[in-house]
> 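Below are the structure tokens for one structure; questions will follow.
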Amino acid sequence: MPDSVPQRFSDPAALRHCMAAWREAGERIVLVPTMGALHRGHLALVAEAQRIGDRAVVSIFVNPTQFGPNEDFSRYPRDLEVDLARLGEVGTDAAWTPTVETMYPPGFASRIEVVGLSEGLCGPFRPGHFAGVATVVTKLLNQVRPDVALFGEKDFQQLRVIQQAVADLDIGVEIRGVPTLREPDGLALSSRNRYLSPEERAIAPKLHGVLAEIALASRNGTGVAGRIAAGRAALEAAGFRVQYLTVCDARTLAPVERVDGPARVLVAAFLGRTRLIDNLAV
Ligand code: PAF
């Protein structure tokens with residue numbers, strides 16, 4: 001197993017210099033944007049980056065602009081040394097670890113809004129979240145200028161928002177989604193799973209169970225409303241506070257009554273103080 005410390009950059013000029021040298025050498029650069037607290041899901045993205053490219057670059061930046069005032073920005077897990085060691089174990093080429101001051105210097109005044117795709121699902125529950133994501137990802141893409149950037153499908157709405165922003169703004173990078181990695185009991189891997197108490201952790205896989213039932217039942221073209229109502233009731237009975245549970249068109253994210261094309265069943269729910277999201281292809 002490779003075990004070398006990735007080249008670490010905190011200065012944009014040094015990062016650009018290195019990326020330019022790799023590009024000039026004809027190397028294909030693949031970026032994995034993260035907020036750290038790396039788990040097996042992130043390492044699977046790095047493995048995919050290594051499979052499809054010559055250089056795997058991971059950014060680690062807990063982006064303040066995508067957290068609402070009552071969200072978990074201050075308690076979001078941060079352990080850069082552990083993250084860098086993990087990246088070293090899997091042979092990552094470079095880690096881009098900018099500070100908040102580097103990303104948002106005094107006078108910073110721009111924001112990328114992706115209308116439509118940002119407005120449903122998590123949008124009303126997390127005002128400003130997707131503008132924060134689209135803005136920081138645009139910056140990361142401009143800083144690294146990768147050929148491809150990889151994002152987990154667990155944040156499916158985020159993936160669609162970023163794909164739209166990149167297409168609309170002619171950023172010239174391929175955005176690829178990578179299937180969600182799960183625990184053996186179905187719980188999607190997430191940095192926020194560590195907030196769950198043992199009791200909540202035991203209940204949490206129910207989220208995936210309900211999604212799987214709805215996905216299976218929706219495949220045969222029957223209406224989805226009854227299945228969703230039953231799934232929501234089952235989750236509430238197990239102790240979740242459901243924000244949304246819905247079947248959407250996989251491209252537009254508009255809710256569908258009946259599945260007759262690519263679709264996705266998506267959920268967001270609180271378990272105690274922890275907000276979990278997940279989704280499955282129908
Ligand atoms: O999915 C995440 O970890 C973040 O939203 C991202 C894409 C790194 C932007 O901060």
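Nothing fancy with the numbering, it's 1 onward along the sequence. Atoms within a ligand are numbered from 1 in the order they appear, just like the ligands themselves.
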> Is the contact between Leu140 and ligand 1 made by the side chain, the backbone, both, or neither, using heavy atoms and a 4.0 Å cut-off?
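The answer is neither.
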> State whether the side chain of Asp185 and the backbone N or O of Leu187 hold a donor-acceptor pair below 3.5 Å, judged by distance alone.
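Yes; at least one donor-acceptor contact below 3.5 Å.
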> Does any part of the side chain of Ile29, heavy atoms only, come nearer than 4.5 Å to the side chain of Asp54, both counted from C-beta?
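No - every pair of side-chain heavy atoms lies 4.5 Å or more apart.
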> With distance as the sole test, does Asp83 use its side chain to make a donor-acceptor pair with the main-chain N or O of Ile60 at under 3.5 Å?
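It does not hold such a pair.
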> Tell me the nearest of Thr34, Asn63, Val133 to atom 8 (C) of ligand 1, using heavy-atom distances.
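Of the listed residues, Thr34 has the closest heavy atom.
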> With a cut-off of 4.0 Å, which atoms of ligand 1 are near a heavy atom of Gln66?
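Selected atoms, number and element: 4 (C), 5 (O), 9 (C), 10 (O).
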> List every atom of ligand 1 that sits less than 4.0 Å from any heavy atom of Val136, numbering the atoms from 1 in the order shown and giving each element.
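Checking each atom against Val136, I get 9 (C), 10 (O).
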> Quick one: which ligand 1 atoms are inside 4.0 Å of a heavy atom on Gln158?
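Matching atoms, with element in brackets: 1 (O), 2 (C), 4 (C), 5 (O), 7 (C).
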> Taking Glu119 for its side chain and Gly116 for its backbone only, find out whether a donor-acceptor pair lies under 3.5 Å.
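At least one qualifying donor-acceptor pair exists.
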> If you link ILVMFWY side chains whenever their heavy atoms are less than 4.5 Å apart, which other residues fall into the same cluster as Val62? By chain and number, please.
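Besides Val62, the cluster holds Met35, Phe67, Phe73, Tyr76, Tyr195.
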